[in-house]
Amino acid sequence: MPNPKHILVLRFSAMGDVAMTVPVLRALTTQHPELKITVVTRVFFKPFFQDLENVTVFEADLKGKHNGVFGLYKLSKELKALNFDAVADLHNVLRSKILKFFFFGKKVVQLDKGRAEKKALVSGQKFQQLKTTHLRYAEVFEALGYSVDLSQPRFPEPKYLSENLNSFISKKDLKTIGIAPFAAHQSKMYPLSQTEDVIQELSKSYNIILFGGGKKEVEILNQFEAKFNNVTSVAGKLNLEEELSLISNLDLMLAMDSGNAHLAAMLGKKVITIWGVTHPFAGFAPFNQPKDFALTADRLQFPLIPTSIYGNKFPEGYENAAGTVLVKDIIKKIKTSL
């Protein structure tokens, strides 16, 4: 049976997981330029794929016309009109399984999430590095007949910055660091008091651009901006495409185990991450980063780490585990990496 020429890729959310598909798809389409890819995802994520050759995005309106089983049936009919040959299900959730049923007769390969291995990791049975999410994505395409070599990645050139975007870079003669201090759960965040210490020290030698979203985050980041020189916040001021352009011009991103880390990594930036109750062993470290760029909480003090894969479950007293990463160690790691 010949290899498919047009593959439908399903990955609806979350931001970091969708961003992790980008370097895999870039490698896939570079190494197999004859292949056509259609990514089915939320409209918000469309800018992620703008620089990829032979990749188009089909917008899944999962809260509107594609909501529910009947909505997914409508989506399946719209997708069938694209005449795809096979499906790479990089999500493997109920929605994509329902679509698989509607795609009867098409070859569908679903992501192996490694649930048993991850359960062993968070239960403390085996503390060891698991397969990365990027490699798991690549294996789906290999099962469809296309090998993917991730060892020599290519990245897009930094985007041209408009006058407005340039205004967020305080001093053009200094290197620029992005800092994204927030995550979906507090247990994945570096304590804000220590984050402030990091910003204060780094702002003496670098431009600092702060990333975040939501009313409370905007307020906190605006306070940091007002307090220190060479610090600007883009929170609430830019759309996603503009933020990506700005990220593409960073020299380094400091982030939590969160979406911003993966946005910077997919653009080829250096990414230093701080980890709380989660751990890079679960396979969610940003793409193409040295292992020592992941700064993890002290497991002598918090031996149950990782307490969960997503940071939503943890014992009492583990909320600020990330705080065991010392400010001086973060500063040193950043300075020696630039």
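On a predicted model such as this, the values are computed, not experimentally measured, just so you know. Numbering starts at 1 and runs along the sequence shown.
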Colleague: Under the side-chain contact (heavy atoms from CB on, under 4.5 Å) rule, collect the residues that match up with His185, sequence neighbours excluded.
Modeller: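 With sequence neighbours excluded, His185 shows a side-chain contact (heavy atoms from CB on, under 4.5 Å) to Ser187, Lys188, Asn312, given in chain and number order.
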
Colleague: Should we count CD of Gln128 as having more than 12 external heavy atoms under 6.0 Å?
Modeller: yes

Colleague: Count the heavy atoms of every other residue, nucleotide or ligand shown that sit under 6.0 Å from NZ of Lys332, and state whether that count exceeds 12.
Modeller: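 Count not over threshold, so no.
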
Colleague: Compare every heavy atom of Leu150 with every heavy atom of Pro23, then report the nearest pair and how far apart it is.
Modeller: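 What the structure gives for the nearest pair is O-CD2, 4.3 Å.
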
Colleague: Hey, are Asp292 and Lys333 close enough for a salt bridge, meaning a charged N less than 4.0 Å from a carboxylate O?
Modeller: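 Yes.
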
Colleague: Should the heavy atoms of other residues, nucleotides or ligands under 6.0 Å from NZ of Lys113 be counted, would the total exceed 12?
Modeller: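 Yes, enclosed.
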
Colleague: Any salt bridge linking Glu117 with Arg136? Criterion: basic side-chain nitrogen under 4.0 Å from a carboxylate oxygen.
Modeller: yes

Colleague: Per the side chain to side chain donor-acceptor pair (under 3.5 Å) rule, which among Asp85, Thr38, Asn83 passes with His6?
Modeller: Thr38

Colleague: Tell me, yes or no, whether the heavy-atom count around Lys313 atom NZ, taken from other residues, nucleotides or ligands under 6.0 Å, exceeds 12.
Modeller: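 No - once you tally the heavy atoms of other residues, nucleotides and ligands closer than 6.0 Å, there are 12 at most.
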
Colleague: Does Lys172, at its NZ atom, have more than 12 non-hydrogen atoms belonging to other residues, nucleotides or ligands within less than 6.0 Å?
Modeller: yes

Colleague: If you take all heavy atoms of Met15 and Gly259, which pair is closest and at what distance?
Modeller: CE-CA, 3.7 Å

Colleague: What's the separation between atom CG in Asn3 and atom CG in Leu144, rounded to the nearest 0.5 Å?
Modeller: 8.5 Å

Colleague: For Asp329, what residues pass the side-chain contact (heavy atoms from CB on, under 4.5 Å) criterion, not counting sequence neighbours?
Modeller: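 Leu326.
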
Colleague: Is it true that atom CG of Asn229 has more than 12 heavy atoms of other residues, nucleotides or ligands lying nearer than 6.0 Å?
Modeller: no

Colleague: Does Gln31, at its CD atom, have more than 12 non-hydrogen atoms belonging to other residues, nucleotides or ligands within less than 6.0 Å?
Modeller: yes

Colleague: Is a side-chain donor-acceptor pair under 3.5 Å present for Asn54 with Thr29?
Modeller: no

Colleague: Do Lys106 and Phe84 meet the cation-pi criteria used here (NZ or CZ under 6.0 Å from the six-membered ring centre, within 45° of the axis)?
Modeller: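 Judged by the rule, Lys106 and Phe84 form a cation-pi pair.
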
Colleague: Going by the angle between their ring planes, with limits at 30° and 60°, are Tyr310 and Phe284 parallel, tilted or perpendicular?
Modeller: tilted

Colleague: Would you call Asp61 and Lys74 a salt bridge, taking side-chain N to carboxylate O under 4.0 Å as the test?
Modeller: no

Colleague: For the residue pair Ser258 and Asn260, confirm or rule out a side-chain donor-acceptor distance under 3.5 Å.
Modeller: no

Colleague: Does the structure place the NZ or CZ of Arg299 under 6.0 Å from the centre of the six-membered ring of Phe127, at an angle of no more than 45° from the ring's axis?
Modeller: yes

